[in-house]
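Below: one structure, written as structure tokens.
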Protein chains: 2
Amino acid sequence: MSSQAETLKNNGLKVTLPRLKVLEMFEKTPGQHFSAEEVYTRLIESGNDIGIATIYRILMQFADAGLLRKSNFDGDKAWFELEDGEHHDHLLCVDCGKVVEFLNPSIEQQQRTVAKQHGFELLEHNMVLYGLCGACRKTPMA
Amino acid sequence: MSSQAETLKNNGLKVTLPRLKVLEMFEKTPGQHFSAEEVYTRLIESGNDIGIATIYRILMQFADAGLLRKSNFDGDKAWFELEDGEHHDHLLCVDCGKVVEFLNPSIEQQQRTVAKQHGFELLEHNMVLYGLCGACRKTPMA
DNA sequence: TTTGATGCAAATGTTTTGCATTGCA
DNA sequence: TGCAATGCAAAACATTTGCATCAAA
């Protein structure tokens with residue numbers, strides 16, 4: 001049995017071809033983010049016969065199972081990435097779309113403090129920093 | 001001329017009835033957030049004749065002009081609030097939807113540091129903390 | 001075999017757009 | 001008057017869902 005099949009089983013998901021293909025795609029490209037549409041296009045182009053609805057269902061299941069992480073970079077469409085077990089936030093270049101993952105313990109600490117100050121129990125958070133990456137700062141858009 | 005008319009003019013926007021009504025609605029309820037649909041419903045219920053498309057156009061213009069601030073609490077619809085000139089982030093109760101605004105200089109500082117470490121010029125950021133407010137912690141959902 | 005997964009198409013919810021009409025300056 | 005703003009309806013877009021079919025256990 002493939003390692004992907006093992007992963008699915010361990011997460012209580014029945015092993016099916018579409019699920020294997022989606023998981024495989026993410027594991028082939030560690031550290032990258034994809035929208036549902038992108039996952040769909042890639043699989044279709046790889047010769048797989050799969051529907052966009054199935055992609056959405058699988059991505060949601062994987063996110064629920066903790067295999068994938070779902071991010072919403074503002075009002076835009078949702079992006080998915082492999083969950084590496086380690087929480088992190090995102091730094092996004094508004095020019096080229098480059099995404100950098102980071103983890104800042106000091107910020108995480110302060111977030112808990114802020115929540116506490118307002119009587120909240122912090123469950124999770126979403127933080128995206130928008131800026132210009134080194135390359136795009138040197139070559140501004142025409 | 002009304003103060004709302006002044007505000008519109010000062011921001012390079014022609015003074016029209018729909019714009020006045022939208023601005024007035026926000027200024028009447030400081031510190032509150034509304035979706036486009038909510039703004040629409042409120043104005044209709046106040047006896048105004050206005051289209052949803054106009055609401056969207058006006059909200060976008062106001063956000064561009066810096067009069068309003070647009071927030072996307074995850075993949076959900078967009079929310080708008082009066083821009084008070086002071087940047088702040090949001091703390092949201094996942095149960096009752098209560099929104100608390102906060103500003104934490106230490107986090108803001110760390111964000112700049114993180115961006116710098118990765119060679120980015122920080123332009124802006126989006127941060128939403130999700131949790132349970134005091135009231136909802138005491139009376140968990142059935 | 002039997003239940004759950006899939007694919008398709010249609011429905012949904014939010015937001016945007018084309019276009020004829022209206023209304024500020 | 002003239003051009004921008006509006007209202008309506010339709011389009012666009014991401015996402016979800018109903019349902020008949022298919023496939024994994």
Side-chain angles (χ1 to χ4, degrees), chain A residues 1-2 4-25 33-44 46-65 67-68 70-80, chain B residues 1-2 4-25 33-44 46-65 67-80 97:
Chain A
M1 181 180 303
S2 73
Q4 282 92 9
E6 291 283 4
T7 303
L8 291 177
K9 281 203 168 182
N10 293 340
N11 282 278
L13 294 164
K14 191 190 271 189
V15 180
T16 66
L17 203 52
R19 285 179 184 158
L20 283 172
K21 289 299 176 186
V22 170
L23 184 53
E24 192 188 320
M25 203 220 76
H33 301 68
F34 302 95
S35 66
E37 188 70 34
E38 284 171 352
V39 173
Y40 174 71
T41 306
R42 284 190 161 231
L43 290 182
I44 289 293
S46 309
N48 296 286
D49 184 17
I50 195 167
I52 186 73
T54 301
I55 298 288
Y56 275 102
R57 277 187 285 237
I58 290 177
L59 291 177
M60 202 188 313
Q61 290 158 354
F62 282 13
D64 285 346
L67 259 54
L68 293 179
K70 183 181 178 182
S71 306
N72 282 86
F73 295 155
D74 263 340
D76 239 19
K77 53 190 156 197
W79 294 74
F80 296 83
Chain B
M1 180 180 303
S2 72
Q4 281 91 8
E6 291 285 4
T7 303
L8 291 177
K9 281 202 168 182
N10 293 342
N11 283 278
L13 294 165
K14 191 189 275 189
V15 179
T16 66
L17 203 52
R19 285 179 184 158
L20 284 172
K21 289 299 175 186
V22 170
L23 185 52
E24 194 187 318
M25 201 222 75
H33 302 67
F34 301 96
S35 66
E37 187 69 33
E38 284 171 352
V39 173
Y40 174 70
T41 306
R42 283 189 160 232
L43 291 182
I44 290 292
S46 310
N48 296 286
D49 186 17
I50 195 168
I52 186 73
T54 302
I55 298 287
Y56 275 102
R57 277 187 284 238
I58 290 177
L59 291 177
M60 202 188 314
Q61 290 157 355
F62 282 13
D64 285 347
L67 259 53
L68 293 181
R69 196 150 94 83
K70 182 181 178 182
S71 305
N72 281 87
F73 296 154
D74 263 339
D76 239 19
K77 52 192 156 197
W79 294 76
F80 297 83

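FYI, side chains are in, hydrogens and waters are out, and symmetry mates aren't considered; it's all heavy atoms of this structure.
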Legend entry - Given DNA chain C, 5'-ward residue of the pair A:Pro18 and B:Trp79, judged by closest heavy atom: A:Pro18
Inset, instruction - Using a 4.0 Å heavy-atom cut-off across all strands, classify A:Arg57 as base, sugar-phosphate, or nothing. - result: base
Legend entry - Heavy-atom pair of closest approach, residues A:Ser2 and A:Leu20: OG-CD2, 4.0 Å
Inset, instruction - Go through DNA chain C in 5' to 3' direction and return only the first and the last nucleotide with some atom under 4.0 Å of chain A's heavy atoms. - result: C:dG4 to C:dA9
Legend entry - Contact nearer the 5' end of DNA chain D, comparing B:Ala53 with B:Gly12: B:Gly12
Legend entry - Distance, rounded to the nearest Å, where B:Leu43 contributes CG and D:dT6 contributes C1': 14 Å
Inset, instruction - Look at the side-chain N and O atoms of A:Thr16 and state whether any lies under 4.0 Å from the OP1 or OP2 oxygen of D:dA24. - result: no
Inset, instruction - Take A:Leu13 and B:Ser35, find for each the nucleotide of DNA chain C with the closest heavy atom, and name the residue whose nucleotide sits nearer the 5' end. - result: A:Leu13
Inset, instruction - Calculate the interatomic distance between A:Leu20 atom CG and D:dA24 atom C1'; express it in whole Å. - result: 11 Å
Legend entry - Phosphate contact (D:dA5 OP1 or OP2) by B:Lys14 side-chain N/O below 4.0 Å: no
Inset, instruction - Calculate the interatomic distance between A:Asp64 atom CG and D:dT16 atom P; express it in whole Å. - result: 11 Å
Inset, instruction - Name all residues meeting the side chain to side chain contact (heavy atoms under 4.5 Å, CB included) criterion together with A:Ser46; count only those two or more places apart in sequence or in a different chain, and write none if there are none. - result: A:Asn48
Inset, instruction - Round to a whole Å and report the spacing from CD of A:Glu37 to P of D:dC13. - result: 11 Å
Inset, instruction - Could you label the plane-to-plane angle of the B:His33 and B:Phe73 rings as parallel, tilted or perpendicular, counting under 30° as parallel and over 60° as perpendicular? - result: tilted
Legend entry - Residue-phosphate contact under 4.0 Å: A:Tyr56 side-chain N/O, D:dT16 OP1/OP2: no
